[in-house]
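Input: a single structure, listed below in structure tokens.
Remember, predicted model here, so these are calculated numbers, not experimental data.
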Amino acid sequence: MPYLSQMLSRPVIDAEGVEIGRINDLAIQTGELFPRITSVAFKGLSKTPLMVSWRKYVSEFDGSRVVLNTASYNIRFSYLQPDELLLARDLLNKQIVDTQGLKVVRVNDLKISLSGKQLRLLGAEVGALGILRSLAPWLERLVSRVCKLLRRPLAENIIAWNYMDLVDRDLSALKLSMTHKRLHELHPADVADILEQLDPQQRIKVFEHLDAQHAAETMSELDDEYQTDLIDDMSDSDASLLLANMDPDDAADIIGDLPYEKAEKLLWLMGVQDSRRIRTLLGYKEKTAGGIMTPEFVSILEDKTVAQTIEKLRASGDDCPKVNYIYTVNAQGVLLGALSMRSLVLASPETKVHELAERDLVTAGPDEDQEEIADLISKYGILALPIVDENKKLLGIVTVDDALEVLEEEHSEDLQIAGASSGGQSDDQGNVGTLMRWFLRRMMWFVIWIVLTLMIVMAGGFELFIGALALAPLVLLMADSAVSFALSDLLAYGGSSASATLGKLFRRNLILTAVIACLGVLLTVALSSALDANMLAFIPSAFVPPVHDESWVQGLVVTLALITEIKNACLPAVITACLVTLSSTLVLLYGRRRLDKDKELSNTVITFVVMLGAVGVQFGLTYLVQLLGVM
């Protein structure tokens with residue numbers, strides 16, 4: 001089966017055998033399951049762009065050329081219709097949405113089915129083979145053969161047409177497929193994942209084609225940074241309408257991150273009721289129950305019947321919030337009890353709701369920490385936790401989905417402390433970036449050591465610091481371990497700042513420092529003893545070459561010189577290792593201070609700084625030892 005890249009630049013021959021141009025594009029009818037090729041576009045000999053109907057004029061296509069059924073002077077040229085698109089212009093090398101895999105991918109080639117003289121588009125090639133084929137056909141064949149020899153053949157990565165959606169065209173005016181699953185049919189969380197993979201211009205373009213309710217739900221699923229960017233790209237009237245359609249707690253989170261003037265303008269454009277609900281939530285502190293609760297709940301006076309309660313729910317219509325529990329209150333709004341929807345449905349219509357309500361409720365205040373709220377919901381296995389004031393008046397509820405977001409946020413912070421990542425990208429570019437970050441994080445000591453070696457060689461100080469360079473990897477690895485230990489302690493003990501805890505950790509580091517110092521002394525003594533003794537005595541006579549073998553003698557001299565330099569560099573390296581071990585306590589204190597101020601804590605940055613400081617101290621001490629002639 002041919003690919004578009006294989007068809008481009010193929011000759012177009014008329015019925016008289018005259019080449020009248022070369023293919024530069026193909027048009028398809030988009031409203032079909034597997035769209036047929038409707039027209040072939042080519043450049044004439046005078047470089048004039050032309051297009052002819054495939055069904056009407058093409059008599060033969062053998063993979064290498066298109067043969068027309070009439071002479072060139074009898075051809076009537078056609079034009080692109082509103083429901084058609086050009087494969088090379090509109091799809092090739094463009095981003096598409098894979099609505100099955102829920103990701104944004106790049107079209108590297110397009111696979112076409114050939115049946116007689118009729119062509120149909122099967123799907124998009126988004127894998128490595130398409131890239132290689134577009135570069136050079138021979139390169140694709142070469143890489144494929146090599147992979148087969150290695151028993152790891154490269155497979156096609158085809159996305160069928162009925163699972164493709166475009167991001168660079170007007171989605172409302174173009175029907176891609178009769179059975180196509182469009183973006184507005186996907187779950188809002190899936191749409192949010194797709195939007196986050198697009199660049200800002202494409203993101204707002206796709207977002208504009210979602211209906212109001214779907215757009216509001218999708219906005220709630222986006223990460224904070226993307227929410228702010230989308231609001232900035234929208235007009236004030238559209239942004240205020242979108243926020244009004246969102247759940248009040250989600251809208252309050254977004255408005256709270258906007259500049260004051262922008263937030264006030266959006267609130268002013270909203271209706272009075274929507275604005276009041278959001279302003280109420282903005283009055284609570286961040287990371288508290290009040291900050292994550294929603295004021296949308298269903299309450300009923302306790303003397304009402306089941307029939308009256310159901311009628312109230314029906315009367316709410318589309319404005320009725322998602323109901324997990326119905327709360328019973330008195331005339332002053334004081335919370336008295338709660339009953340589940342199941343209890344309501346199974347009870348007889350004349351039953352009073354207070355007879356069904358559970359009165360022993362778990363509640364919380366609006367100023368309690370959001371993590372404690374999430375723990376309560378998890379502990380008691382409830383779907384919503386009522387938030388009440390000091391008079392037990394019901395203010396709002398925290399739902400289980402909000403609790404899950406809090407737990408995920410706390411988990412992400414823990415991963416951030418540990419230097420991990422809570423998310424990733426599914427495309428090839430994301431994998432490469434993740435691999436590069438992993439390499440730089442895990443092999444940072446090696447990169448620093450290589451750069452340091454090159455700098456010293458270029459500065460002409462290789463002979464002076466050869467011993468220090470040999471021991472530098474040990475110092476760098478010790479610095480890496482010290483930071484890892486400190487951040488592990490930070491995870492284990494959290495924000496605790498008790499002096500007893502710090503004293504315990506410092507004593508542990510002090511003991512470890514003493515062990516390192518002892519090992520360093522033993523290594524120095526061992527190297528000194530080996531140098532003082534006859535080195536040839538340790539080598540079996542069978543392995544000793546003749547004395548006249550000058551290369552062997554020179555090698556032994558160089559080895560002895562290197563051991564001498566390493567021995568001289570031992571003291572600075574040991575002192576540095578001890579200081580690095582003790583510095584892990586300072587790293588712990590720094591991490592706690594950052595977390596207390598709710599600031600980011602980068603494992604990579606801290607490790608890099610400690611490593612640079614370690615080699616700086618080591619080489620400074622080495623130079624000082626050489627200068628004073630201590631060793």
Side-chain angles (χ1 to χ4, degrees), residues 187-188 211-214 216-217 220 241 243-252 270-281 289-290 292-366 373-374 376-404:
H187 190 280
D211 59 72
Q213 186 59 37
H214 203 202
E217 294 174 353
S220 299
L241 180 61
L243 292 170
N245 287 327
M246 294 177 62
D247 291 337
D249 54 332
D250 294 328
M270 291 183 194
V272 176
Q273 185 177 0
D274 293 325
S275 176
R276 182 184 297 116
R277 289 185 300 175
I278 294 175
R279 287 184 186 276
T280 300
L281 295 178
I292 62 172
M293 75 176 182
T294 175
E296 293 185 337
F297 54 87
V298 177
S299 63
I300 193 80
L301 294 175
E302 66 170 349
D303 59 349
K304 298 296 183 180
T305 64
V306 168
Q308 291 173 317
T309 305
I310 293 177
E311 185 60 31
K312 179 179 180 180
L313 291 174
R314 288 174 179 168
S316 300
D318 295 336
D319 294 332
C320 181
K322 297 177 182 178
V323 180
N324 295 310
Y325 304 104
I326 296 172
Y327 299 96
T328 59
V329 296
N330 61 16
Q332 290 74 38
V334 175
L335 178 64
L336 301 175
L339 63 150
S340 65
M341 283 295 294
R342 180 177 181 275
S343 301
L344 185 71
V345 172
L346 294 179
S348 58
E350 65 277 3
T351 305
K352 298 288 186 179
V353 290
H354 70 82
E355 299 177 15
L356 304 173
E358 173 67 39
R359 296 186 176 275
D360 187 16
L361 299 180
V362 179
T363 61
I373 302 299
L376 284 175
I377 292 177
S378 175
K379 178 180 179 181
Y380 292 102
I382 53 180
L383 299 177
L385 180 71
I387 306 300
V388 297
D389 61 13
E390 62 275 6
N391 297 319
K392 299 299 180 183
K393 183 178 179 180
L394 184 58
L395 302 175
I397 58 174
V398 176
T399 56
V400 66
D401 56 332
D402 293 323
L404 289 175

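- Between I377 and I382, the shortest heavy-atom contact is CG2-O, 3.2 Å.
- For the side-chain contact (heavy atoms from CB on, under 4.5 Å) with I326, the lone residue among V306, I310, L344 that qualifies is L344.
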| field | Derivation and outcome, side chain to side chain contact (heavy atoms under 4.5 Å, CB included), residues M341 and L313 | value | CA-CA 11 Å; M341 283 295 294; L313 291 174; 4.2 Å; yes

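- Distance check: R359 CZ to E302 CD gives 5.0 Å after rounding to the nearest 0.5 Å.
- Considering OG of S299 and NZ of K312, their distance stands at 4.5 Å, rounded to 0.5 Å.
- Here T305 contributes atom OG1 and L356 contributes atom CG; the two are 10.5 Å apart, rounded to the nearest 0.5 Å.
- Summarising the geometry, atom CG belonging to D303 is positioned 8.0 Å from atom CD belonging to Q308; distances are rounded to the nearest 0.5 Å.
- Contact between A244 and M270 at its shortest, heavy atoms only, is N-CE, 4.2 Å.
- Contacts classified as side chain to side chain donor-acceptor pair (under 3.5 Å) and involving residues 324-337 (residues at least two apart or in different chains) are not found.
- Using a 4.5 Å heavy-atom threshold, the side chains of V362 and L385 count as touching.
- The two residues L361 and L335 have their closest heavy-atom pair at CD1-CD2, 3.8 Å.
- The minimum heavy-atom distance linking S220 with D250 is given by the pair OG-OD2, 3.3 Å.
- For the pair N245 and A212, the tightest heavy-atom approach, listed with the atom from each and the gap, is ND2-CB, 3.7 Å.
- For the pair L336 and H354, the minimum side-chain heavy-atom distance is 4.5 Å or more.
- Between V388 and L394 the shortest side-chain heavy-atom distance falls below 4.5 Å.
- The only option from L281, I292, T399, I278 that meets the side-chain contact (heavy atoms from CB on, under 4.5 Å) definition with D249 turns out to be L281.
- For D211 (side chain) and H214 (main-chain N/O), a donor-acceptor pair under 3.5 Å exists by modelled atom type.
- Screening residues 380-404 for salt bridge (Lys or Arg N to Asp or Glu O under 4.0 Å), with sequence neighbours left out, gives no hits.
- Taking OG1 of T363 as the reference point, atom CD1 of I387 lies at 8.0 Å (rounded to 0.5 Å).
- Considering every non-hydrogen atom in both P248 and T294, the closest pair reads CD-OG1, 4.0 Å.
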